[in-house]
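This one's a predicted model, so the numbers in the text were calculated from it and none came from an experiment.
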Amino acid sequence: MIVATIGAIEAAGSLDVTVADIAVRAGVSPALVHHYFGTKDDLLIAAMRYLLQGFRAGVTSRLRQANGPRQRVSAIIEASFDPSQFVSEAIAAWLAFYLYARRSAEAARLLRLYFRRLETNLVSALAPLLGMPRAHGVAAAAGAMIDGVWLRQALTPLTAPDGATAIAMVERYIDAEMGVK
């Protein structure tokens with residue numbers, strides 16, 4: 001039902017989907033959706049959590065394999081554009097969730113949590129390379145770049161998501177900040 005929710009949001013281009021729309025996509029009755037999730041808002045929050053958990057799993061997996069701080073930075077950047085996440089459905093859903101956070105305290109809390117985790121992970125990886133004061137600024141800028149790429153992709157839906165190009169762009173920024181040519 002959560003995957004159906006994300007697909008319905010992408011098809012509608014907004015949160016203007018009904019539980020009935022989602023139920024049809026999931027092949028279940030609207031009553032079953034309500035039974036498991038309660039309200040549409042509860043289902044939207046569950047979809048946000050699902051996407052965040054996928055992102056977290058990708059970061060965690062990559063960080064376990066990273067050797068050293070620079071590889072940790074790359075692991076976080078790569079996870080931000082993982083092919084399982086950087087797809088049209090998830091991109092459209094995230095754009096809708098950003099707007100949803102303006103009226104939902106729980107959605108806003110989840111976005112703040114995502115922002116903090118991304119920045120904290122980047123600062124932790126960058127601090128040994130740049131020192132703590134610079135690490136914070138570079139992490140904030142890299143996080144804004146990552147989110148900006150997602151936003152641009154959401155606003156140009158006819159263009160296929162290109163994670164490799166996105167990764168290369170953020171990596172070039174990190175290298176420039178580190179003085180690597």
So which heavy atom on Ala125 is nearest to which on Pro69, and how close?
O-CB, 3.3 Å
In terms of side-chain heavy atoms, does Thr60 have a donor or acceptor partner in Arg64 at a distance below 3.5 Å?
no
Considering all heavy atoms of both residues, which atom of Glu89 and which atom of Ile6 are nearest to each other, and what is their separation?
O-CG2, 3.5 Å
Would you give the length of the straight line joining atom CG of Asn121 to atom OG of Ser80, rounded to the nearest 0.5 angstrom?
9.5 Å
Side chains of Glu78 and Gln71 in contact at under 4.5 Å (non-hydrogen atoms):
no
Joint hydrophobic cluster, Leu129 plus Ile174, side-chain heavy atoms closer than 4.5 Å
yes
Starting at CD1 of Ile2, measure out to OH of Tyr36 and round the result to the nearest 0.5 Å.
12.5 Å
Residues Leu15, Arg103; criterion side-chain contact (heavy atoms from CB on, under 4.5 Å); working and verdict
CA-CA 12 Å; Leu15 294 177; Arg103 66 178 173 91; 4.2 Å; yes
Rounded to the nearest 0.5 Å, what separation is found between the CZ atom of Phe55 and the CG atom of Asp82?
9.5 Å
Under 3.5 Å, is there a donor-acceptor pair between the side chain of Arg134 and the main chain of Glu177?
yes
Ala96 and Ile9: which non-hydrogen atoms are nearest, and at how many Å?
CB-CG2, 3.7 Å
Please list, chain by chain and in numerical order, all residues satisfying side chain to side chain donor-acceptor pair (under 3.5 Å) with Thr18, sequence neighbours excluded.
Asp21
Measure the CD1-OG1 distance between Ile22 and Thr5 for me, rounded to the nearest 0.5 Å.
4.0 Å
How far does OG1 of Thr159 sit from CZ of Arg152, to the nearest 0.5 angstrom?
11.5 Å
Is the shortest side-chain heavy-atom distance between Leu118 and Val59 below 4.5 Å?
no
With a 4.5 Å limit on heavy-atom distance, are the side chains of Arg70 and Asp175 in contact?
yes
Do Trp150 and Gln85 come within less than 4.5 Å of each other through their side chains, counting heavy atoms only?
yes
Taking the six-membered ring for Trp, are Phe97 and Tyr100 parallel (under 30°), tilted (30 to 60°) or perpendicular (over 60°)?
tilted
Between Leu32 and Val24, is there shared hydrophobic-cluster membership here, with clusters defined by ILVMFWY side-chain heavy atoms closer than 4.5 Å?
no
Considering only residues two or more places apart or on different chains, which pairs with a residue in residues 46-59 satisfy salt bridge (Lys or Arg N to Asp or Glu O under 4.0 Å)?
Arg49-Glu106
Side chains of Leu43 and His34 in contact at under 4.5 Å (non-hydrogen atoms):
no
Under the salt bridge (charged side-chain N to carboxylate O under 4.0 Å, His left out) test, which residues partner Asp42, sequence neighbours left out?
none
Is there a side-chain contact between Thr165 and Phe81, using heavy atoms and a 4.5 Å cut-off?
no
Do Phe86 and Val149 touch side chain to side chain, with heavy atoms closer than 4.5 Å?
yes
Under 4.5 Å between side-chain heavy atoms, hopping through other hydrophobics if needed: is there a path connecting Leu95 to Leu52?
no
Surrounding OH of Tyr50 (heavy atoms of other residues, nucleotides or ligands, distance under 6.0 Å), is the total greater than 12?
no
Heavy-atom closest pair (Ala90 atom, Leu51 atom, distance to 0.1 Å) is CB-CD2, 3.9 Å
Are Leu44 and Leu113 joined in one hydrophobic group, where the rule is that I, L, V, M, F, W and Y side chains link up if heavy atoms are under 4.5 Å apart?
no
Any idea which heavy atoms bring Ala142 and Val170 closest together, and the distance?
CB-CG1, 4.5 Å
For the residue pair Ile91 and Pro161, what are the closest heavy atoms and their distance?
CD1-CG, 3.7 Å
Could you check Leu111 against Trp94 for side-chain contact (heavy atoms from CB on, under 4.5 Å), going step by step and ending with a plain yes or no?
CA-CA 10 Å; Leu111 276 178; Trp94 273 113; 3.6 Å; yes
For the pair Ile76 and Arg62, evaluate side-chain contact (heavy atoms from CB on, under 4.5 Å) and give the outcome as yes or no after the intermediate values.
CA-CA 7 Å; Ile76 297 161; Arg62 283 177 172 82; over 6 Å; no
In Å and rounded to the nearest 0.5 Å, what is the CD to OH distance from Glu119 to Tyr114?
10.5 Å
Do Tyr173 and Val123 belong to the same hydrophobic cluster, where Ile, Leu, Val, Met, Phe, Trp and Tyr are linked whenever their side-chain heavy atoms lie under 4.5 Å apart, directly or via other members?
no
